Student: 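Got a structure for you, questions after.
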Amino acid sequence: MNTATIKLEERDGIAVVTVNRPEKLNALNGTVIAELHETFSALKSKPEIRSVVLTGAGDKAFIAGADIAELAACDPAAARENARRGQALTLAIEHLGKPVIAAVNGYALGGGCELALACSMRLASENAKLGQPEVKLGIICGYGGSQRLPRLVGRGRALEMLLSGEPIDAAEALRIGLVNRVVKREALLGEAEALARKFLAVGPVAVNYTLEAVDRGLDLPLEKALEWEAELFSRCFATSDMKEGTRAFLEKRAPKFTGR
Ligand code: COA
């Protein structure tokens, strides 16, 4: 399913979602946000798709942020709506129930960095630049950056980025844990797909529950989060995947998971 601004390719259990507005460095206008949200909603209900790669079209940018021409026309009420739509998209990515890998192939600024933050993990090309330049426009993050960035890299590093608005390069992003690894530009999509493919070999229910345990658990006090982990652990024992996984190990063969 391709739309005006989103290219979607599905192959062998993996979906590659490309924001396709390269003439504006894939900036997130209302259409891109709506079409990305539709795309992720559609992927959520496709059991055959088990992991997703998110990237941007062209050589320069992953996503260069929210569309500044649209922001310039917002009053406070429209700005709140804009933020809520962007935040809803980040939640749809975060709660997809399948791993989402951001393949950051250039500028990931503002909303672009925030979408990457909502992904399960991030790979960057050597030319990538990541940042939250909102303060340079006299505004703050609206798509979750003020919350997810400190949770990922820590308060001090996040505040340096958020308050200066200065982007960091791929090597620095790697050093502070903002990206998982850095690869050559031409190898980026291949590496992202290879990583996505690793998650096809393991139990689908276990992948889903692991995402639930980590993502919901991080927002709970530790004792509550441990209860949540035990609940999900227990639920695994009602699945065919658990029976197959343990039996296959004991029979010294590869498991054939069904996702049930
Ligand atoms: N919103 C709207 N349009 C954007 C955009 C954004 N966030 N980012 C880039 N564009 C547009 C430019 O206006 C330009 O359009 P035009 O050719 O019609 O004039 C086109 O994309 C190419 O961008 P350009 O600025 O010419 O490329 P560059 O290589 O000189 O600079 C950036 C690249 C990323 C440094 C620069 O585009 C930039 O600073 N973008 C804004 C980043 C930002 O502040 N994002 C956060 C928004 S909250």
Side-chain angles (χ1 to χ4, degrees), residues 3-7 17-37 54-94 102-119 122-150 152-153 157-173 176 178-179 182 185-186 188:
T3 63
T5 64
I6 305 299
K7 191 167 126 201
V17 177
T18 306
V19 179
N20 192 15
R21 199 190 172 211
E23 70 287 359
K24 295 287 180 188
L25 305 188
N26 306 316
L28 301 168
N29 64 10
T31 307
V32 178
I33 298 257
E35 292 184 354
L36 259 180
H37 202 144
L54 174 65
T55 194
D59 285 335
K60 271 174 87 170
F62 173 68
I63 296 167
D67 190 302
I68 298 172
E70 280 190 1
L71 292 183
C74 282
D75 63 12
R80 183 188 304 273
E81 277 303 303
N82 184 304
R84 297 308 277 172
R85 275 196 299 273
Q87 289 172 352
L89 170 61
T90 62
L91 287 170
I93 294 172
E94 197 166 67
V104 180
N105 57 311
Y107 290 111
L109 301 176
C113 189
E114 290 170 296
L115 254 54
L117 286 167
C119 293
R122 288 144 292 281
L123 302 189
S125 56
E126 287 171 338
N127 64 320
K129 291 234 176 339
L130 299 96
Q132 299 289 164
E134 286 87 349
V135 286
K136 293 186 174 181
L137 300 169
I139 60 175
I140 73 164
C141 295
Y143 299 174
S146 66
Q147 304 309 309
R148 291 193 181 93
L149 188 60
L152 187 64
V153 303
R157 285 167 173 152
L159 279 172
E160 186 174 342
M161 289 178 69
L162 293 165
L163 294 177
S164 71
E166 289 299 321
I168 58 174
D169 63 17
E172 177 67 358
I176 68 172
L178 179 49
V179 301
V182 178
R185 171 69 186 94
E186 58 280 11
L188 179 66

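The structure displayed is predicted, hence computed values, not measured ones. Heavy-atom basis, side chains included; hydrogens, waters and symmetry copies ignored. Each ligand, and each atom within it, is numbered from 1 in the order the structure gives. Positions are given from 1, in the same order as the sequence printed here.
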Student: Does atom 13 (O) of ligand 1 have any protein heavy atom closer than 4.0 Å?
Tutor: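 Given the 4.0 Å cut-off, atom 13 (O) of ligand 1 does not count as touching protein heavy atoms.
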
Student: In the protein, what heavy atom is nearest to atom 24 (P) of ligand 1, and what distance, to one decimal place, separates them?
Tutor: L25 CD1, 4.5 Å

Student: Return a yes/no value: protein heavy atom under 4.0 Å from atom 16 (P) of ligand 1?
Tutor: yes

Student: Strictly less than 4.0 Å: does any protein heavy-atom distance to atom 33 (C) of ligand 1 fall in that range?
Tutor: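 So atom 33 (C) of ligand 1 has protein heavy-atom neighbours under 4.0 Å.
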
Student: Nearest protein heavy-atom contact for atom 5 (C) of ligand 1: which residue, which atom, what distance?
Tutor: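 Looking only at protein heavy atoms, the one closest to atom 5 (C) of ligand 1 is A27 CB, 4.0 Å.
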
Student: Looking at every heavy atom in both N82 and C74, which two are closest together, and how far apart are they?
Tutor: ND2-SG, 4.5 Å

Student: Considering only the protein, which heavy-atom contact is closest to atom 39 (O) of ligand 1, and what is its distance?
Tutor: L109 CD1, 4.7 Å

Student: Is there a donor-acceptor contact under 3.5 Å from the side chain of Q87 to the main chain of G142?
Tutor: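 Side chain of Q87 to backbone of G142, a donor-acceptor pair under 3.5 Å: yes, one is there.
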
Student: Using the side-chain contact (heavy atoms from CB on, under 4.5 Å) definition, which of the options S164, C141, S146, P167 pairs with Q132?
Tutor: C141

Student: Under 4.0 Å from atom 30 (O) of ligand 1, is there at least one protein heavy atom?
Tutor: no

Student: Among V19, L89, I33, which residue satisfies the side-chain contact (heavy atoms from CB on, under 4.5 Å) criterion with L115?
Tutor: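 Looking at V19, L89, I33, the match for L115 under the side-chain contact (heavy atoms from CB on, under 4.5 Å) is L89.
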
Student: Looking only at protein heavy atoms, which one is nearest to atom 46 (C) of ligand 1, and how far off is it?
Tutor: P133 CG, 3.8 Å

Student: I want to confirm something. Looking only at heavy atoms, which of G145, G58, G65, A64 is nearest to atom 43 (C) of ligand 1?
Tutor: A64

Student: Counting only heavy atoms on the protein side, is anything nearer than 4.0 Å to atom 48 (S) of ligand 1?
Tutor: yes

Student: Looking only at N/O atoms, are K60 and ligand 1 under 3.5 Å apart anywhere?
Tutor: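 Such a contact does occur with ligand 1.
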
Student: Scan the protein's non-hydrogen atoms and note whether one is under 4.0 Å from atom 7 (N) of ligand 1.
Tutor: yes

Student: Can you give me the closest heavy-atom contact between N26 and I63, atom names plus distance?
Tutor: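 Smallest heavy-atom distance, with atoms named: O-CG2, 3.3 Å.
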
Student: Flag the pair L109 / F62 as yes when at least one side-chain heavy-atom distance between them is below 4.5 Å, and no otherwise.
Tutor: no

Student: Would you check if V32 and D67 make a side-chain contact, meaning some heavy-atom pair closer than 4.5 Å?
Tutor: no

Student: Any nitrogen or oxygen of I68, side chain or backbone, less than 3.5 Å from one on ligand 1?
Tutor: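 For ligand 1, there is an N or O atom that lies under 3.5 Å from one belonging to I68.
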
Student: How close do C119 and R122 get, heavy atom to heavy atom, and via which atoms?
Tutor: O-NH1, 3.1 Å

Student: Just by modelled atom types, is the A61 backbone N or O under 3.5 Å from a matching donor or acceptor in the N105 side chain?
Tutor: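 At least one qualifying donor-acceptor pair exists.
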
Student: Taking atom 4 (C) of ligand 1 as the point of reference, which of E23, K24, E114, R21 owns the nearest heavy atom?
Tutor: K24

Student: Is it the case that ligand 1 has an N or O less than 3.5 angstrom from some N or O of A66?
Tutor: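 Yes: some nitrogen or oxygen of A66 is under 3.5 Å from one in ligand 1.
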
Student: So which of V17, L123, T18 actually passes side-chain contact (heavy atoms from CB on, under 4.5 Å) with T55?
Tutor: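 Answer after filtering V17, L123, T18: T18.
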
Student: Going by a strict under-4.0 Å cutoff (protein heavy atoms only), does atom 21 (O) of ligand 1 have a neighbour on the protein?
Tutor: yes

Student: Just which atoms of ligand 1 are under 4.0 Å from any heavy atom in L137?
Tutor: 47 (C), 48 (S)

Student: Would you tell me whether T90 and R148 have side-chain atoms, one donor and one acceptor, within less than 3.5 Å of each other?
Tutor: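 The criterion, which ignores hydrogens and geometry beyond distance, is satisfied for R148 and T90.
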
